[in-house]
Amino acid sequence: MKAQDEIQRRRTVAIISHPDAGKTTLTEKFLLYGGAVQEAGAVRARKNQRAATSDWMELEQQRGISITSTVLQFDFEGFRMNLLDTPGHQDFSEDTYRILTAVDSVIMVIDGAKGIEAQTLKLFEVCRKRGIPIFTFVNKLDRPTREPLDLLDELEKVLNIGAYPVNWPLGTGFEFKGVYDRLDKKVHLFERTTGGAYKAPESVANIEDQIVADTLPPHVYSQVVEEIEMLDIAGEDFNHAEVLSGKITPVFFGSAMNNFGVELLLDAIFQYAPVPGMYPALGEKVVKPEDSAFSGFVFKIQANMDPRHRDRIAFLRICSGKFEKNMQVHHPKSGKKVRLSSAHTVFGQERESVEEAWPGDVIGLISNDKFGIGDTLTSDSKIIYQGIPYFAPEHFIYLNNPNPSNYKRFRDGLEQLLQEGVVQGFDLNTHSQNNFVIGAVGPLQFDVVKHRMKSEYNADTESLPANWSVLRWVHPDVDPATLTRDILPVGAITATDRLGNTVILFSNAWSLGLFKDKHPQIALSDTPFRKEMMAQT
């Protein structure tokens, strides 16, 4: 019975957003309300104070943005949250996409003044493909915002999804005083704390109570009452099943900076977000979390997180069974058994040894080069997960070594970063000297590569632009020898990825469209075909 109880109390959630929507602030406030933080900005874990935050990389600290994704775990009122904080910068990475394969639900943070932005839409489409339930938090209500009704309308039209406002803001900007919970029919009035460093004092009342009318300016109170009545009459009822199927997104309003509505959102995640679910494996097998065999897959690799350790961490999403320290498991990719003797939870740069873990948990396995992205680890050799697809890069450069005497450091550093999936590497089918390019979803990843090559491997780099902006994988049934210059558009070239799969690089989207129009029999994809995905395992 313990296994089922442990599964039921877990939630594995990613936070996604457009740059500057307040995602990292919301993450920290979750930690504040979950007890992992006593004061915003200072992280505490059980016995000792920690100064680490979710943005640990030096380059992140220099730029004030999140570049890598971070895994944070904390308990809240008997539940356990595995919270994956993803990069929010416009030059985000493929790491963001991979995170979405390891979670059961997503919190989408939207700036109340800006609404849906390009990055939000791109990440939402990835969630839609996986059918991941999405909870929307409209942030920054303490500043001037668009009309809440307009934001709801935009959510439904742009994302093509139903939007149910679980709570409703009591004013906006300087007049923002709290929210009305439409399910509990209660008003939550908040008081601001200096810098939002502590939990916001809160009082709860009915919408008809005099304290509500006295707290809000008369015009705000009358508008709120009118809007709530309109929502109750015209809106649909809350449908939990449609939330779980991804057809409806519950919408919450608040201010992460001032802690308004944060705890209500956290309560709702544990009440309405799905528990750890089933995962598909090869051979049309479906692995259930309550299955007794231990299994999981690696979705992220990070090296040199802490200069004191200089090691490599493989992040594993547990899908079934129970993890126990020192257990032996199968590693199908190598065909060997490995002992999982060094597993940790990772909190910023800090680590804590894990004795046991359950489905939904994310643990960091200390390794040198045993594990790769998409690898399965299991006590049942018949379980092999389908692997994690790569996504088509949109930016390409040649990365050269300007110092031949440092060739080994350059080679080893680049190989490590390619294994981590920081960028992708492609061998061009050309006889020129520069026949290897690296590609990334966002160009900031090239800066990450250069920074880490220098800081971690003491290897200088030199980059040159490459004139491609679109990549597509070619169906494995297509003979690469037929993809000659005669049929390729001007500027296009074939290449192979690190798994030996054929790709075509196009100079632009128009060139891709021209090729597809002329050669519809050649199947292309912006993610590897299933055969390639299987090759990862």
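Everything quoted here is computed from the prediction, not taken from an experiment.
- Residue Leu418 comes nearest to Arg498 through the heavy atom pair CD1-NH1, 3.5 Å, listed as atom of the first residue, atom of the second, then distance.
- With ring centers used as reference points, Phe515 lies under 6.0 Å from Phe506.
- Contact of the Gln73 side chain with the Asp361 side chain is registered, since non-hydrogen atoms from C-beta on lie closer than 4.5 Å.
- The existence of a salt bridge linking Glu125 and Arg130 is excluded, since no basic side-chain nitrogen approaches an acidic carboxylate oxygen closer than 4.0 Å.
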Evaluate side chain to side chain contact (heavy atoms under 4.5 Å, CB included) for Asp267 paired with Glu77, printing each intermediate quantity in order. CA-CA 9 Å; Asp267 285 335; Glu77 296 184 356; 4.0 Å; yes

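- Of the possible polar contacts, one joining the His475 side chain to the Asp477 backbone as a donor-acceptor pair under 3.5 Å is found.
- The environment of OH in Tyr407 is sparse: at most 12 heavy-atom neighbours from other residues, nucleotides or ligands sit within 6.0 Å.
- Between Thr27 and Leu72, some side-chain heavy-atom pair lies under the 4.5 Å cut-off.
- We find the CG-CD1 distance between Leu399 and Ile438 to be 4.5 Å, quoted to the nearest 0.5 Å.
- Ser507 has its side chain out of reach of Asn467: every pair of non-hydrogen atoms, C-beta onward, lies at least 4.5 Å apart.
- Of all non-hydrogen atoms in Asp380 and Ala293, the two that sit nearest each other are CB-CB, 3.7 Å.
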Tyr385 vs Ser295, side-chain hydrogen bond (donor to acceptor under 3.5 Å, both in side chains): CA-CA, chis, key distance, verdict: CA-CA 9 Å; Tyr385 289 107; Ser295 69; 2.6 Å; yes

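- Side-chain atoms of Asp497 come within 3.5 Å of backbone N or O of Gly500 as a donor-acceptor pair.
- Between Phe30 and Phe74, the ring-plane angle classifies as tilted under the 30° and 60° cut-offs.
- Residues that satisfy the side-chain hydrogen bond (donor to acceptor under 3.5 Å, both in side chains) test with Lys247, not counting sequence neighbours, are absent from this structure.
- No donor-acceptor distance shorter than 3.5 angstrom exists from the side chain of Asp412 to the backbone of Arg409, with no hydrogens or angles considered.
- Smallest separation of non-hydrogen atoms from Pro289 and Pro359: O-CG, 3.3 Å.
- Aromatic pair Tyr279/Phe297: ring centres closer than 6.0 Å.
- For Ala357 against Ile363, the heavy-atom pair with the smallest separation is CB-CG2, 3.9 Å.
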Met327 vs Arg339, test: side chain to side chain contact (heavy atoms under 4.5 Å, CB included). Steps then yes/no. CA-CA 6 Å; Met327 70 186 303; Arg339 183 180 299 278; over 6 Å; no

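- Ion pair Glu6/Arg10 flagged as a salt bridge, since at least one NZ, NE, NH1 or NH2 atom sits closer than 4.0 Å to an Asp/Glu carboxylate oxygen.
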So Leu471 and Gln424, side chain to side chain contact (heavy atoms under 4.5 Å, CB included) or not? Walk me through it. CA-CA 11 Å; Leu471 178 144; Gln424 296 182 52; 5.9 Å; no

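- Judged purely by atom type and a 3.5 angstrom limit, Lys23 has no side-chain atom pairing as donor or acceptor with the backbone of Ile16.
- Atom CD1 of Ile384 sits about 10.5 Å away from atom NE2 of His330, to the nearest 0.5 Å.
- Taking every heavy atom of both residues into account, Ala523 and Phe529 meet most closely at O-CZ, 3.8 Å.
- Listed by chain and number, the residues in a side-chain hydrogen bond (donor to acceptor under 3.5 Å, both in side chains) with Asp104 are Arg317 (sequence neighbours excluded).
- Here the side chain of Asn401 pairs a donor or acceptor atom with the backbone of Asn403 at under 3.5 angstrom.
- A pairwise comparison of heavy atoms in Pro250 and Ile134 identifies CD-O, 3.3 Å as the closest pair.
- Side chains of Leu365 and Leu340 form a contact here, defined as non-hydrogen atoms less than 4.5 Å apart.
- For Phe446, there are no ring pair (Phe, Tyr, Trp, His ring centres under 6.0 Å) partners, not counting sequence neighbours.
- In this structure a side-chain-to-backbone donor-acceptor pair under 3.5 Å is present from Arg11 to Ala273.
- How far CG of Leu83 is from CG of Leu26: 8.0 Å, rounded to the nearest 0.5 Å.
- The CG atom of Leu428 sits 8.5 Å away from atom OG1 of Thr496, with the distance rounded to the nearest 0.5 Å.
- Relative ring orientation between His331 and Phe371 is described as perpendicular, the plane-to-plane angle rising above 60° on a 0-90° scale split at 30° and 60°.
- Looking at Lys300 and Arg98, their side chains never come closer than 4.5 Å, going by heavy atoms from C-beta outward.
- Using modelled atom types, one finds a donor on one side chain and an acceptor on the other under 3.5 Å when comparing Asn429 with Thr494.
- With a 6.0 Å radius and a threshold of 12 heavy atoms from other residues, nucleotides or ligands, Lys454 has its NZ atom above the threshold.
- In this structure, Phe410 has its ring center no closer than 6.0 Å to that of Tyr457.
- Contact check on Arg9 versus Asp5 returns no salt bridge, with no Lys/Arg side-chain nitrogen under 4.0 Å from an Asp/Glu carboxylate oxygen.
- Using a cutoff of 4.0 Å between basic side-chain nitrogens and carboxylate oxygens, Asp526 and Arg472 are not scored as salt-bridged.
- Below 30°, between 30° and 60°, or above 60°: for Trp468 and Phe396 the angle between ring planes is above 60°, a perpendicular geometry.
- For the pair His240 (side chain) and Tyr272 (backbone), a donor-acceptor distance under 3.5 Å is present.
- Thr12 contributes atom OG1, which lies 11.0 Å from atom CZ of Arg80 (distance to the nearest 0.5 angstrom).
- Leu316 places a side-chain heavy atom less than 4.5 Å from the side chain of Val298.
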Before giving the answer on side chain to side chain contact (heavy atoms under 4.5 Å, CB included), spell out for Met453 and Lys450 the whole-Å C-alpha distance, their side-chain angles and the decisive distance to 0.1 Å. CA-CA 5 Å; Met453 288 284 283; Lys450 295 175 188 176; 5.8 Å; no

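- In this structure, Thr482 OG1 and His519 NE2 are separated by 9.5 Å, a value rounded to the nearest 0.5 Å.
- For the pair Lys322/Phe294, no side-chain contact is recorded, criterion being any heavy-atom separation below 4.5 Å from C-beta on.
- Side-chain contact check for Leu505 versus Val503: some heavy-atom pair is nearer than 4.5 Å.
- Put simply, the side chain of Asn82 gets close to the backbone of Gly360: a donor and an acceptor are under 3.5 Å apart.
- Screening Leu159, Thr249, Val106, Ile161 for a side-chain contact (heavy atoms from CB on, under 4.5 Å) involving Cys127 leaves a single residue, Val106.
- More than 12 non-hydrogen atoms from other residues, nucleotides or ligands lie less than 6.0 angstrom from CD of Gln521.
- In summary, Lys325 and Glu356 do not engage in a salt bridge, as defined by a charged side-chain N under 4.0 Å from a carboxylate O.
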